[in-house]
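The first residue of the sequence shown is numbered 1, and numbering continues consecutively from there.
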Amino acid sequence: MTRFTSHMALALDQARAAALRGEVPVGAVVVDPAGRVVAAEGNRTRELSDPTAHAEILAIRAACRIVGSERLPGHDLWVTLEPCPMCAAAISAARIGRLYYGASDVRMGGVEHGARVFDHPQCHHRPQIYDGIDAEGARALLVGFFRDRR
């Protein structure tokens, strides 16, 4: 049995790196069933001119390449912000086992707010969800980023 370790600090590092690139500061980390980090990414929508280049999508893509499968059963996803509906659908499609996220996203979230993707009968897989992990740190990063832009 592996010991529980939070990977939110690494996700926050990825979010900070995204902010330095001028991206909305969101970071995501995929961890394998043995507790090893498989992939860590931050938002790159502007850099890649790709509206789907959210941190979660990029981390899931990288992890799937590394694992050699389109599914990641037993893997955990750590993300600094509540995933949007697109990312929640990708989490379901990848069969992520557990989702840990920091700040809630009342406006664009797709897990606890808005579309509530995992609550739909069409959702084929629902991860275990743990929210509020270092929510204040994640929220402060986002608030500071947008304050500096105004």
Side-chain angles (χ1 to χ4, degrees), residues 1-21 23-45 47-48 50-106 108-120 122-145:
M1 182 166 101
T2 60
R3 205 176 60 121
F4 178 81
T5 302
S6 174
H7 294 278
M8 190 56 76
L10 180 54
L12 285 165
D13 287 345
Q14 291 295 318
R16 286 185 201 94
L20 291 173
R21 294 190 301 271
E23 302 279 356
V24 174
V26 177
V29 176
V30 176
V31 178
D32 74 11
R36 294 179 299 251
V37 172
V38 178
E41 296 286 345
N43 275 354
R44 293 181 182 274
T45 58
E47 176 186 338
L48 300 176
D50 180 354
T52 70
H54 290 195
E56 302 95 316
I57 300 289
L58 296 174
I60 288 169
R61 286 177 183 164
C64 285
R65 272 193 307 276
I66 290 164
V67 171
S69 174
E70 75 280 12
R71 296 201 174 137
L72 300 167
H75 287 67
D76 298 340
L77 177 66
W78 293 79
V79 65
T80 58
L81 182 65
E82 177 183 352
C84 73
M86 174 185 70
C87 292
I91 290 163
S92 178
R95 306 301 196 264
I96 295 289
R98 286 182 295 264
L99 167 63
Y100 298 90
Y101 70 86
S104 292
D105 189 347
V106 175
M108 297 295 293
V111 176
E112 176 186 359
H113 300 92
R116 295 178 176 250
V117 171
F118 302 128
D119 292 342
H120 283 263
Q122 296 89 350
C123 183
H124 295 291
H125 171 79
R126 294 161 183 83
Q128 294 175 27
I129 300 167
Y130 303 90
D131 62 352
I133 312 294
D134 200 358
E136 288 305 314
R139 189 174 301 109
L141 189 57
L142 286 158
V143 167
F145 176 82

> Measure the spacing between CE of M86 and CD1 of I91 and express it to the nearest 0.5 Å.
10.0 Å
> So, for V26 and V79, which heavy atoms are closest and what is the spacing to 0.1 Å?
CG1-CG2, 3.9 Å
> Using 0.5 Å steps for rounding, measure from the CD atom of E41 to the NE2 atom of H54.
13.5 Å
> Distance check, rounded to the nearest 0.5 Å: T80 atom OG1 versus D105 atom CG?
10.5 Å
> List the atom of E136, the atom of R139, and the distance in Å for their closest heavy-atom pair.
OE2-NH1, 2.5 Å
> To the nearest 0.5 angstrom, please state how far the OG atom of S6 sits from the CG atom of D76.
10.5 Å
> Where the side chain of R95 meets the backbone of P73, is there a donor-acceptor pair that is under 3.5 Å apart?
no
> Run the numbers on R16 and D13 for side-chain contact (heavy atoms from CB on, under 4.5 Å), then give the verdict.
CA-CA 5 Å; R16 286 185 201 94; D13 287 345; 2.9 Å; yes
> Of all the heavy-atom pairs spanning H120 and A115, show the shortest one and how long it is.
NE2-O, 2.8 Å
> Does H113 offer a backbone N or O that forms a donor-acceptor pair with the side chain of E82 under 3.5 Å?
yes
> Between N43 (side chain) and T45 (backbone), is there a donor-acceptor pair under 3.5 Å?
no
> Enter the distance from H75:NE2 to S69:OG here, rounded to the nearest 0.5 Å.
9.0 Å
> If you take all heavy atoms of P33 and G74, which pair is closest and at what distance?
CG-O, 3.5 Å
> Pick from L77, L12, V37: which one makes a side chain to side chain contact (heavy atoms under 4.5 Å, CB included) with V29?
V37
> To the nearest 0.5 Å, what is the distance between CD1 (I96) and SG (C87)?
11.5 Å
> On a heavy-atom basis, which atom in P25 and which in A19 lie closest, and how many Å separate them?
CB-CB, 3.8 Å
> Sequence neighbours left out, what passes ring pair (Phe, Tyr, Trp, His ring centres under 6.0 Å) with H7? Give chain and number order.
W78
> Establish, from distance only, whether the side-chain atoms of T52 and R61 form a donor-acceptor pair under 3.5 Å.
yes
> For a quick test of reading the model, state the closest non-hydrogen atom pair linking P83 to A88 and the distance between them.
CB-N, 4.1 Å
